[in-house]
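First comes the structure, then the notes that go with it.
Counting convention: from 1, in listed order, for ligands and their atoms alike.
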Amino acid sequence: MATSRPLVIGNWKMNLDFVEAVHVGQQIGVMLKNRPAEHTDVVVAPPFVDLRSVTSIVQSERIAVSVGAQHVSAHENGAHTGEVSVSMLKRLGVEWVIVGHSERRTMYAMSDEVVGATLRAVLRGGLRAVLCVGEDLSVRDRDGHDDFVRDQLVSALRGLDEGFNELITVAYEPIWAIGTGLSASNEQVQHMMTHIREVLTGLSIEGCRVLYGGSVNAENAEGLLVAGGVDGFLVGGASLRAESFLAVVHASNDCYALKR
Ligand code: 13P
């Protein structure tokens, strides 16, 4: 298992309206008070329209989670209808931003160039960026995944000021494992974790946590941590209910506590 403190991020995607979001947030709060996860960093990333409500309850009820956004504009302000800026997120108390999720890349034509510009906007604003990378099935089938992921990493991260390193997290999310119920195997994940860490070292990015995402749940979390060597998870479907999300959080927390 990796040695850094685990990080578990719930990506709610386009689920849970603000009433439902407050409900799930409060449940997470109660459950974490009953059973703290003191060795694990926990983040939830609700839809934009829920952010104000979720940051409010997290602050007022002192819930041990941070709040993230699922996307942000690379631009500071101005004529960008439908977009949201980094400074707007900061004002809400948002600390994390997911950058370049495969659903943004594939369904909303987010190019590598825009991913890089967005990452820089997030870092310049002092927020923490979760850079998502990962190949689709056709790339995996032709054994191109290592090159593909390296190119995505290099394109987004090359030339960054080293002062930003502590704000960067990478999430490996193979597209074929997202929402399919078919997680990558521990061996596939372990191979990719080693590869990604080598690429990061080559880019002079040290100490960055590397997460896995793709059909993570309470059953496969421990194996992915111990045998897969991940530093935590980006969780989709299983993050929509407090019980299943906290099951992943506690699995991570217990693993880390045992290994220390
Ligand atoms: P699932 O956990 O639903 O497969 O989603 C993974 C994901 O895309 C998280 O960002």
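- For ligand 1, the polar-atom distance check finds an N/O of G236 within less than 3.5 Å of one of the ligand's N/O atoms.
- Contacts between S239 and ligand 1, counted as non-hydrogen atom pairs separated by less than 4.0 Å, are absent for every part of the residue.
- Take F148 and apply the side chain to side chain contact (heavy atoms under 4.5 Å, CB included) test, not counting sequence neighbours, and it matches E135, V139, Q152.
- Of all atoms in ligand 1, numbered sequentially from 1 with element shown, those under 4.0 Å from a heavy atom of A177 are 4 (O).
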Stepwise, does the side chain to side chain contact (heavy atoms under 4.5 Å, CB included) test hold for V122 with V99?
CA-CA 9 Å; V122 170; V99 177; 4.0 Å; yes

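- Shown in contact with G179 at under 4.0 Å from a heavy atom are these atoms of ligand 1, numbered in order with element: 1 (P), 3 (O), 4 (O).
- In this structure the side chain of V67 never reaches within 4.5 angstrom of the side chain of V43, judged on heavy atoms.
- In summary, the atoms of ligand 1 found under 4.0 Å from a heavy atom of L234, numbered by their order in the structure, are 9 (C), 10 (O).
- Near N11, the atoms of ligand 1 lying under 4.0 angstrom from a non-hydrogen atom of the residue are 9 (C), 10 (O).
- The residues D161 and R124 are annotated as not salt-bridged, no charged nitrogen and carboxylate oxygen being separated by less than 4.0 angstrom.
- At least one N/O-N/O distance between E173 and ligand 1 falls below 3.5 Å.
- Of the N or O atoms in E103, none lie within a sub-3.5 Å distance of an N or O in ligand 1.
- Near G214, the atoms of ligand 1 lying under 4.0 angstrom from a non-hydrogen atom of the residue are 4 (O), 6 (C).
- Within the listing of ligand 1, atoms 1 (P), 2 (O), 3 (O) sit less than 4.0 angstrom from a heavy atom of G237.
- Using a cutoff of 4.0 Å between basic side-chain nitrogens and carboxylate oxygens, R5 and D231 are not scored as salt-bridged.
- Cluster membership check: M193 does not share its hydrophobic cluster with I9, using side-chain heavy-atom separations under 4.5 Å among Ile, Leu, Val, Met, Phe, Trp and Tyr.
- Close approach to H101 involves these atoms of ligand 1, each under 4.0 Å from a residue heavy atom: 7 (C), 8 (O), 9 (C), 10 (O).
- A salt bridge links R35 and D254; the closest N-O separation between the charged side-chain nitrogens and carboxylate oxygens is under 4.0 Å.
- Atom numbering of ligand 1 starts at 1 in the shown order; those under 4.0 Å from a heavy atom of I178 are 4 (O), 5 (O), 6 (C), 8 (O).
- Taking E83 as the reference, H71, S73, H80 meet the side chain to side chain contact (heavy atoms under 4.5 Å, CB included) condition, with sequence neighbours excluded.
- No chain of hydrophobic side-chain contacts below 4.5 Å, direct or via other Ile, Leu, Val, Met, Phe, Trp or Tyr residues, connects M110 to I178.
- For atom 5 (O) of ligand 1, the nearest non-hydrogen atom of the protein is K13 NZ, 3.3 Å.
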